[in-house]
A.B. asks: 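Once you've had a glance at the structure underneath, I'll fire off some questions.
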Amino acid sequence: MKDHGGARRGTEDGAMYRRVAADLRDAIADGAYGSGGKLPAEAALATHYGVSRGTIRQALALLRSNGLVTSRRGTRRVVLGAAPVQSFSELLSFTNWARSIGEEPGAVLDSMVVRPADDQERERLRLEPGAEVYAALRVRTLSGRPVMIERTVYPVWVGELVAELPVNEVSYTEQLLEHGIVFADADHTIDLAYADADDARLLGCADGAALLRERRHTTDPAGRPLEWSEDRYLPGTVAFTVHNSIAASALSRLRHAGPAR
């Protein structure tokens, strides 16, 4: 294994798609399209804002991730409502969730290495045999208290950007968005895991202690894999609830009322 830092890359429309998304979000909140109404076609929006259709697609993906519009491809997006029931970004981003409950999020990078992908990583990230990945191990904190271990594996084109971020960067997700990388879809598996040596060392729990585990596979609007992640939480620090709706299905974190043990 080797430590590595790739070249940080910008994106031509990195900030514009967020401005377009913010403007459309305001219009939706003001009822400009009505609940169940359709947004203008991508080509019309691109002309209106003077940007490329790719920029419009990124903006729509961001609205989709927040539960504001439908995600059907090949059709005009339908407005679901002025506000989502639960935010996709809160589950995707520990930082967003922590701030939503009034806590100060933190992160401590334990290691960032480049190594060959294992069989599961190659399958999840759709990599060729022998391909390398960037593997990050971080401790996530709430107001200075360690609550979660984050193990995330990135394909090289994403990992190069992550490796250039400051070691104390709180939110990789927010920084990758600035580079035009949109987290559009995620599959989550939640179950129980038992603390290994790294978990015990970084969380201060006993080796073999039960931890709540969330595994996440995330893709961009084009379906390209962006990350394969495994997060392990101390008991009593987080709970997950599933909300089902005819329009959307979302999953979010809820802070446990009692103290962590």
Side-chain angles (χ1 to χ4, degrees), residues 9-102 105 158 161 170-188 216 218-224 226-227 241-254:
R9 295 174 296 192
T11 178
E12 182 177 331
D13 296 327
M16 179 57 72
Y17 83 91
R18 302 185 74 175
R19 291 197 288 271
V20 171
D23 189 70
L24 288 172
R25 187 183 297 112
D26 289 343
I28 290 171
D30 291 339
Y33 304 106
S35 183
K38 290 185 177 181
L39 292 179
E42 288 181 1
L45 288 172
T47 299
H48 175 75
Y49 287 104
V51 298
S52 68
R53 291 185 66 169
T55 298
I56 295 299
R57 291 190 188 103
Q58 287 183 305
L60 293 174
L62 192 54
L63 295 178
R64 171 191 177 190
S65 74
N66 286 322
L68 295 177
V69 298
T70 55
S71 58
R72 291 192 297 271
R73 294 179 181 175
T75 63
R76 287 164 59 190
R77 294 334 194 260
V78 175
V79 176
L80 297 177
V85 176
Q86 295 177 347
S87 171
F88 172 90
S89 62
E90 276 188 17
L91 181 57
L92 186 66
S93 171
F94 178 92
T95 299
N96 287 347
W97 167 70
R99 290 170 179 162
S100 76
I101 60 173
V158 179
L161 298 175
V170 174
S171 177
Y172 287 170
T173 303
E174 290 179 354
Q175 294 302 315
L176 290 173
L177 280 170
E178 292 292 339
H179 284 79
I181 295 178
V182 177
F183 294 77
D185 293 277
D187 293 321
H188 304 267
R216 181 176 62 256
T218 312
T219 56
D220 70 6
R224 291 184 301 175
L226 299 175
E227 63 173 4
T241 184
V242 178
H243 171 81
N244 293 109
S245 166
I246 193 171
S249 179
L251 193 61
S252 71
R253 296 182 177 96
L254 294 179

A.B. asks: Which is it for T218 and D185 under the side-chain contact (heavy atoms from CB on, under 4.5 Å) test, yes or no, and what are the steps along the way?
C.D. replies: CA-CA 6 Å; T218 312; D185 293 277; over 6 Å; no

A.B. asks: Tell me every residue that passes side chain to side chain contact (heavy atoms under 4.5 Å, CB included) with R53, counting only those two or more places apart in sequence or in another chain.
C.D. replies: E42, A43, A46, R57

A.B. asks: Can you give me the closest heavy-atom contact between P40 and L45, atom names plus distance?
C.D. replies: O-CD1, 3.6 Å

A.B. asks: Can you find a pair of side-chain heavy atoms, one from I181 and one from L177, that are under 4.5 Å apart?
C.D. replies: no

A.B. asks: Does any non-hydrogen side-chain atom of Q58 lie less than 4.5 Å from one of R18?
C.D. replies: no

A.B. asks: Apply the test side-chain contact (heavy atoms from CB on, under 4.5 Å) to residues R216 and D187: give CA-CA distance (whole Å), side-chain angles for both, the deciding distance (0.1 Å), then the verdict.
C.D. replies: CA-CA 6 Å; R216 181 176 62 256; D187 293 321; over 6 Å; no

A.B. asks: Using the side chain to side chain contact (heavy atoms under 4.5 Å, CB included) criterion, which residues pair with A32? Sequence neighbours excluded.
C.D. replies: A27

A.B. asks: Would you sort out whether F94 and V170 count as a side-chain contact (heavy atoms from CB on, under 4.5 Å), showing the intermediate values?
C.D. replies: CA-CA 9 Å; F94 178 92; V170 174; over 6 Å; no

A.B. asks: Does some side-chain heavy atom of T219 sit less than 4.5 Å from a side-chain heavy atom of F183?
C.D. replies: no

A.B. asks: Just so I know, are the side chains of Y49 and D23 near enough to count as touching, which here means a heavy-atom distance under 4.5 Å?
C.D. replies: yes

A.B. asks: Is any side-chain heavy atom of S171 less than 4.5 Å from a side-chain heavy atom of P105?
C.D. replies: no

A.B. asks: Mind checking what makes side chain to side chain donor-acceptor pair (under 3.5 Å) contact with R224, not counting sequence neighbours?
C.D. replies: D220

A.B. asks: Report yes if some heavy atom in the side chain of Y172 is under 4.5 Å from a heavy atom in the side chain of L161; otherwise report no.
C.D. replies: no

A.B. asks: A side-chain contact here means heavy atoms from C-beta on lying under 4.5 Å apart; do L60 and V20 qualify?
C.D. replies: no

A.B. asks: Are the side chains of V158 and L176 in touch, meaning some heavy atoms are under 4.5 Å apart?
C.D. replies: yes

